[in-house]
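A quick note: this is a predicted structure, and the numbers were derived from the prediction, not measured. Only this structure's heavy atoms are used, side chains among them; waters, hydrogens and symmetry mates stay out. Throughout, a chain's letter reflects where its sequence line sits, starting with A, and its residues are numbered from 1.
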There are 2 protein chains.
Amino acid sequence: MEVKKTMQAVKILVVDDEAPIRDMLRMALELRDFEVLEAGDTRQAYQQVVDNSPHLVLLDWMLPGGSGVQFLQRLRKEDLTKQLPVIMVTAKHDEDNKVQGLEIGADDYVTKPFVPKELIARINAVLRRSGTLTPDAIITVDGLKLDIACHQVSIDEHVVEIGPTEFKMLAFFMSHPERVYTRSQLLDHVWGGNVYIEERTVDVHIRRLRKALEPSQPDQFNYADLIQTVRGAGYRFSVKAAG
Amino acid sequence: MEVKKTMQAVKILVVDDEAPIRDMLRMALELRDFEVLEAGDTRQAYQQVVDNSPHLVLLDWMLPGGSGVQFLQRLRKEDLTKQLPVIMVTAKHDEDNKVQGLEIGADDYVTKPFVPKELIARINAVLRRSGTLTPDAIITVDGLKLDIACHQVSIDEHVVEIGPTEFKMLAFFMSHPERVYTRSQLLDHVWGGNVYIEERTVDVHIRRLRKALEPSQPDQFNYADLIQTVRGAGYRFSVKAAG
DNA sequence: ACTAGGTGTCATAATACTGTCACAATAACC
DNA sequence: GGTTATTGTGACAGTATTATGACACCTAGT
């Protein structure tokens, strides 16, 4: 048995009419584990936005026909896409354009040519600022899946009802397997900072979590067994132990 | 149950007296997900324009009876169709015709024989230029349909009365299913940016939305169930859950 | 001005979750 | 085996969170 952590990739839509530039950007972005969507014109771009809801748009300033500006304006007009972060990319070093782009609602501005590193930095900055970047971790141990973005635990695709504290505790355990944590440490990490709670309370929540992980069918694997008691020390989420 | 996002197809009216050519065009266009309307003469063409309001017209230069030119002139005279983009298609390589066509008001000009790719490119260009292309997203979950352009929600083809805020919220949820959003995030995405509103207000609108989605007949599916509350976290629009 | 619908806020009811305790069960150690 | 320390368990009452109905305000259309 083994722990798998999956980061739901941040999707970035690259809008540029020149394929070579798209390729270059794709390479730079995929190296950083971004998922890249492409569009060569505004129609495709809009289609991508609707179909795949990217987390961020890299938009070329100069697009044939309707320029990128129009596309940006449209995004900003529509309720659904008002929040979508956009970084303008342009060959023009013109300051006026920069101002105009930012006024319309671009979140940042990059001028060609640029070093990939700078672009990545700006992307991260924008994502951080906009709060879009909620690293959607999905942690998996065999059939046990914990999805933080969906705030959901499931066993073999079957949703498990679980309380908030139990959820946090399981999330903590699954991201720190094998290691033993004292009740006091668990209070710190799961409950957070300064709480004045009996240490024995941890036991109760451990029990609730175990109960939640028990299989509905008796012949299924019991994931509750992964939560081990270490007498005199605390608890441990062990993946090696079973399976 | 499953989320389907649909781009309301761009309707293109093909006006040509030769059926084989219409077929050829239909094939090329439908491959690109355009919706194709056909007309063999100007009378049919006009009828199609009135009945189905296409987004663009592909007009053959040489039509029996009234030529394509006359049809185009008529379109340009009428207020309702002044803006309708028209691409002339002709077998004549005659430059004069080209000029004449453009003067009357054709937006572009293609000579037979042409490669489909070029035609598609020109269509996209014209649509982009004219701004006519407003691909209207429609999101569907089973019998629940949300049409952004029409600003309308319907359940099993039956229109649901719904307020603006509820509409936006449903639209947001349907384009981001499964994921949990905090009240604060919902305020950001649905209300937009900087608003100073109580978080509890979200609850009230959630309730209004749920109420709106309740079935009129008690035996119908209750789409309100798709909106789940996640205690301590926020709300989630889950499609997997039910069905 | 008047209506009608939509919005945000509040008070209160309805729930779900928590922390704690008492006691049972188990392990460790003599 | 007997004793003690530690953990498991069920119950319960308090607490926090959410659902709901009511209301006053606002805005647009008449």
Side-chain angles (χ1 to χ4, degrees), chain A residues 79 151-153 159-173 180-214 222-238, chain B residues 151-153 159-173 180-214 222 224-238:
Chain A
D79 291 324
H151 210 276
Q152 208 170 59
V153 176
V159 174
V160 173
E161 291 299 329
I162 197 174
T165 307
E166 281 69 61
F167 182 85
K168 278 187 235 158
M169 194 152 76
L170 182 59
F172 177 72
F173 271 137
V180 177
Y181 290 94
T182 66
R183 292 173 174 74
S184 162
Q185 285 175 312
L186 286 172
L187 279 176
D188 275 4
H189 287 120
V190 178
W191 276 256
N194 310 343
V195 285
Y196 49 108
I197 293 181
E198 294 288 324
E199 290 203 343
R200 295 290 272 108
T201 300
V202 174
D203 297 30
V204 179
H205 281 279
I206 286 282
R207 166 155 176 299
R208 285 171 182 158
L209 178 53
R210 280 174 172 156
K211 194 153 203 173
L213 293 182
E214 273 172 9
N222 188 358
Y223 287 98
D225 292 343
L226 301 188
I227 302 172
Q228 304 177 335
T229 304
V230 182
R231 215 176 169 82
Y235 296 95
R236 162 176 54 199
F237 184 83
S238 177
Chain B
H151 210 275
Q152 206 173 57
V153 177
V159 174
V160 173
E161 291 301 328
I162 197 173
T165 308
E166 281 69 61
F167 180 85
K168 277 187 231 162
M169 194 152 77
L170 182 59
F172 178 72
F173 271 136
V180 174
Y181 290 93
T182 65
R183 293 174 172 73
S184 159
Q185 285 175 313
L186 287 173
L187 280 176
D188 273 5
H189 288 120
V190 177
W191 277 256
N194 309 342
V195 284
Y196 49 107
I197 293 183
E198 294 287 325
E199 291 202 343
R200 292 261 134 257
T201 302
V202 175
D203 298 30
V204 179
H205 282 277
I206 286 280
R207 169 162 171 294
R208 286 171 182 157
L209 178 53
R210 279 175 172 156
K211 196 151 204 174
L213 294 182
E214 273 172 7
N222 188 358
D225 291 342
L226 300 188
I227 302 172
Q228 305 177 336
T229 107
V230 181
R231 212 158 239 267
Y235 295 94
R236 162 177 52 204
F237 184 83
S238 177

Problem set entry | End-to-end axis angle, where each axis spans five pairs of the helix from dA1(C)-dT30(D) to dC30(C)-dG1(D), to 10° |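 Inter-axis angle at the termini of the helix from dA1(C)-dT30(D) to dC30(C)-dG1(D): 30°.
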Exercise. Is the distance from OP1 or OP2 of dG10(D) to the nearest side-chain N or O of Lys211(A) less than 4.0 Å?
Worked result: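 Yes, within the criterion.
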For this session: Would you tell me if any nitrogen or oxygen in the side chain of Trp191(B) comes within less than 4.0 Å of OP1 or OP2 on dG8(C)?
Result: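 Result: yes.
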Exercise. How do Arg200(A) and Ile162(B) order along DNA chain C: which one's closest nucleotide is nearer the 5' end?
Worked result: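 Of the two residues, Ile162(B) wins.
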For this session: Please tell me which of Tyr196(A) and His205(B) maps to the more 5' nucleotide of DNA chain C, matching each residue to the nucleotide holding its nearest heavy atom.
Result: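 In this pair, the answer is His205(B).
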For this session: Name the nucleic acid region contacted by Glu161(B), choosing base, sugar-phosphate or nothing; use a 4.0 angstrom heavy-atom cut-off, strictly under.
Result: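 Nothing: the residue Glu161(B), judged by heavy atoms under 4.0 Å, touches no strand.
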For this session: Quick one: label Glu199(A) by what it contacts on the DNA or RNA (base, sugar-phosphate, nothing), any heavy atom closer than 4.0 Å.
Result: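 Result for Glu199(A) = nothing.
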Exercise. Quick one: does Lys168(B)'s side chain get under 4.5 Å of Thr165(B)'s, heavy atoms only?
Worked result: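 Contact flag for Lys168(B)/Thr165(B) side chains = no.
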Exercise. Quick one: are Val202(B) and Val190(B) in side-chain contact, heavy atoms under 4.5 Å?
Worked result: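 Side-chain contact under 4.5 Å: no.
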Closest to side chain of [X], choosing from [options]:
X	options	result
Arg231(B)	dG8(C), dT7(C), dT15(C)	dT15(C)
Ile197(B)	dT20(C), dG8(D), dG8(C)	dG8(C)
Arg210(A)	dT9(C), dG21(D), dG8(D)	dG8(D)
Thr229(A)	dC10(C), dT7(C), dG8(D)	dG8(D)
Val204(A)	dT9(C), dA19(D), dT20(C)	dT20(C)
Glu198(B)	dT20(C), dT9(C), dG21(D)	dT9(C)
Pro164(A)	dT7(D), dT18(C), dT9(C)	dT18(C)

Exercise. With no hydrogens and no angle check, is any side-chain donor or acceptor of Arg183(A) less than 3.5 Å from a backbone partner on Arg200(A)?
Worked result: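 No; judged by distance alone, with no hydrogens or angles, the pair does not exist.
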Problem set entry | Polar contact flag, side-chain donor to acceptor under 3.5 angstrom, Thr229(B)-Arg210(B) |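 Distance-only check fails for Thr229(B) and Arg210(B).
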For this session: Please work out which of the three classes, parallel, tilted or perpendicular, describes the rings of His189(B) and Phe172(B), given edges at 30° and 60°.
Result: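 Parallel, since the angle between the ring planes stays under 30°.
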For this session: Fit a plane to each ring of Trp191(B) and His205(B), take the angle between them on a 0 to 90° scale, and name the class: parallel (under 30°), tilted (30 to 60°) or perpendicular (over 60°).
Result: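 Because their plane-to-plane angle is over 60°, the rings of Trp191(B) and His205(B) count as perpendicular.
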Problem set entry | Pairwise 5' ranking along DNA chain D for Tyr235(B) and Arg208(B), keeping only the more 5' one |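 Whichever sits nearer the 5' end wins; that is Tyr235(B).
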Problem set entry | Tyr223(A) and its side-chain contact (heavy atoms from CB on, under 4.5 Å) partner, picked from Val160(A), Val153(A), Leu213(A) |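 Among Val160(A), Val153(A), Leu213(A), the one that satisfies the side-chain contact (heavy atoms from CB on, under 4.5 Å) with Tyr223(A) is Leu213(A).
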